[in-house]
J.: 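My questions all concern the structure below.
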Amino acid sequence: MEICNVNNISSEFIWKDDIGLVTKMLGSMANTEKLYVNIDSVPTNAYSTKYHSHSQQEEFFLILNGCGTLRLNEENYSVKKGDFFSKPAGRNIAHTFYNSGSDTLVILDIGTVEKEDTCYYPDEEVYLHKTNGTNMVFKKSAIISDWTSDPNKSEIICLREGVIC
């Protein structure tokens with residue numbers, strides 16, 4: 001075990017984008033296994049993530065600095081320093097933060113690390129399925145709505161002894 005300091009994060013544990021969004025991956029640096037712990041710094045007029053939900057991951061958010069807007073299941077909520085909420089696992093609660101304030105919006109973001117999870121991005125109707133380190137991305141429109149796993153449905157094409165029946 002090593003004691004780390006948030007002001008001395010190794011660059012390999014810091015993610016940045018072109019807009020100025022910064023994520024410090026404290027949990028990864030501290031070798032957590034079942035939780036991730038991040039500090040997200042969101043610049044003015046930027047989003048923390050694309051609007052999305054998780055099928056398995058549980059998350060907890062605490063606003064450390066600034067103010068902004070939380071979009072949560074199509075509702076908008078004002079958030080400020082000291083506000084926090086959790087997003088229980090398995091409820092597909094869509095969420096994102098937008099920095100509508102003048103200071104950097106800083107968020108403590110803690111969640112469970114899941115071997116499998118499906119993220120849904122409702123604005124784009126895109127699914128991201130994560131399984132054992134592999135990601136598969138597909139559009140909602142490509143989902144087969146009338147498929148069934150029932151082997152006895154008459155509309156199912158089956159192979160029996162090499163013959164299509």
J.: Could you tell me whether a side-chain N or O of T44 sits under 3.5 Å from a main-chain N or O of G101, the two making a donor and an acceptor?
T.: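 Yes, the answer is positive, given that a donor and an acceptor are paired below the 3.5 Å cut-off.
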J.: Is K50 atom NZ crowded by more than 12 heavy atoms from other residues, nucleotides or ligands, each under 6.0 Å away?
T.: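 Atom NZ in K50 is not crowded, with 12 or fewer foreign heavy atoms closer than 6.0 Å.
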J.: Going only through I, L, V, M, F, W and Y residues with side-chain contacts under 4.5 Å, is there a path from L128 to W15?
T.: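 No.
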J.: For T49, is there any backbone N or O sitting under 3.5 Å from a side-chain donor or acceptor partner on T96?
T.: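 A pair under 3.5 Å: yes.
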J.: Got a second to check how far D109's CG is from F97's CZ, nearest 0.5 Å?
T.: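 Taking CG in D109 and CZ in F97, the distance rounds to 8.0 Å.
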J.: Starting from Y51, can I reach I93 by hopping between I/L/V/M/F/W/Y residues whose side chains sit under 4.5 Å apart?
T.: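 Result: no, two separate clusters.
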J.: Indicate whether any N or O donor in one side chain lies under 3.5 Å from an N or O acceptor in the other, for E116 and T131.
T.: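 Judged by distance alone, the side chains do pair up.
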J.: Counting N and O atoms only, with roles assigned by atom type, does the side chain of D117 sit under 3.5 Å from a partner on the main chain of S55, one being a donor and the other an acceptor?
T.: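 Judged by distance alone, yes, a pair lies under 3.5 Å.
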J.: Hydrophobic clusters here meaning ILVMFWY residues chained together by side-chain heavy-atom distances under 4.5 Å, can you tell me if V22 and V37 are in one?
T.: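 Yes.
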J.: So which atom in P43 and which in I19 form the shortest heavy-atom distance, rounded to 0.1 Å?
T.: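 For P43 and I19, the tightest heavy-atom pair comes out as CG-O, 3.7 Å.
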J.: Atom CG of N65 and atom CG of L108: how far apart are they, to the nearest 0.5 Å?
T.: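 One finds 13.0 Å between CG of N65 and CG of L108.
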J.: Does N7 offer a backbone N or O that forms a donor-acceptor pair with the side chain of N5 under 3.5 Å?
T.: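 Checking the backbone N and O of N7 against the side chain of N5, a donor-acceptor pair under 3.5 Å is found.
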J.: For F61 and H95, work out which heavy atoms get closest and say how close.
T.: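 Distance-wise, the nearest heavy atoms are CZ-CD2, 3.9 Å.
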J.: Any chain of hydrophobic side-chain contacts (each under 4.5 Å) joining L21 to V79?
T.: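 Same cluster.
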J.: What distance separates N132 CG from K130 NZ, expressed to the nearest 0.5 Å?
T.: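 Separation between the atoms: 13.0 Å.
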J.: Do Y36 and F13 sit in the same hydrophobic cluster, where Ile, Leu, Val, Met, Phe, Trp and Tyr count as joined when their side-chain heavy atoms come under 4.5 Å apart?
T.: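 Unlinked, Y36 and F13 end up in two clusters.
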J.: Examine distances only and state if a side-chain atom of K139 and a backbone atom of E124 form a donor-acceptor pair shorter than 3.5 Å.
T.: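 The answer is yes, because a donor-acceptor pair under 3.5 Å joins these two groups.
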J.: What's the spacing between I14 CD1 and S28 OG if we round to 0.5 Å?
T.: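 Output value for this atom pair is 12.0 Å.
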J.: Consider only side-chain N and O atoms of S41 and T104, and report whether a donor and an acceptor are under 3.5 Å apart.
T.: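 No, because no side-chain N or O of S41 sits under 3.5 Å from a partner of the opposite role on T104.
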J.: Using a strict 4.0 Å threshold on nitrogen-to-oxygen distance, state whether K81 and D103 make a salt bridge.
T.: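 Judged by the 4.0 Å cut-off on N to carboxylate O distance, K81 and D103 do not form a salt bridge.
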J.: Is there a side-chain contact between D83 and K80 (heavy atoms, below 4.5 Å)?
T.: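 A side-chain contact exists here, since the closest heavy-atom pair is under 4.5 Å.
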J.: Closest approach of E58 and P88, non-hydrogen atoms and distance?
T.: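 For E58 and P88, the tightest heavy-atom pair comes out as CG-CA, 4.0 Å.
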J.: Once rounded to the nearest 0.5 Å, what's the spacing between atom CD1 of I9 and atom OG1 of T23?
T.: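 Answer rounded to 0.5 Å: 12.0 Å.
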J.: Are N99 and Y47 linked by a side-chain donor-acceptor pair shorter than 3.5 Å?
T.: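 N99 vs Y47: no donor-acceptor pair found between side chains.
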J.: Tell me whether the count of non-hydrogen atoms from other residues, nucleotides or ligands lying under 6.0 Å of CZ in F84 goes above 12.
T.: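 Atom CZ in F84 is not crowded, with 12 or fewer foreign heavy atoms closer than 6.0 Å.
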J.: Locate the shortest heavy-atom distance separating G66 from L105; write the atom from each residue and the value.
T.: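 So the minimum-distance heavy-atom pair works out to C-CD1, 4.1 Å.
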J.: Return the minimal non-hydrogen interatomic distance between V113 and L35, and the atom names on each side.
T.: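 The answer is CG2-C, 3.6 Å.
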J.: Just wondering, are more than 12 heavy atoms of other shown residues or ligands nearer than 6.0 Å to CD in E74?
T.: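 Atom CD in E74 is packed in, count exceeds 12.
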J.: Should K87 and F60 count as side-chain neighbours, where that means a heavy-atom distance under 4.5 Å?
T.: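 The answer is no, as the side chains (C-beta and beyond) never meet within the 4.5 Å cut-off.
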J.: Is there a side-chain contact between Y120 and N92 (heavy atoms, below 4.5 Å)?
T.: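 Result no, sub-4.5 Å side-chain heavy-atom pair not found.
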J.: What are the two closest non-hydrogen atoms of M25 and N38, and how far apart are they?
T.: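 Taking every non-hydrogen atom into account, CA-OD1, 3.4 Å.
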J.: In Å and rounded to the nearest 0.5 Å, what is the OG to OH distance from S53 to Y127?
T.: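 Reported to 0.5 Å precision, the distance equals 8.0 Å.
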J.: Evaluate the side-chain proximity of Y98 to R71: yes if any heavy-atom separation is below 4.5 Å, no if none is.
T.: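 Side chain of R71 against side chain of Y98, heavy atoms only: no contact under 4.5 Å found.
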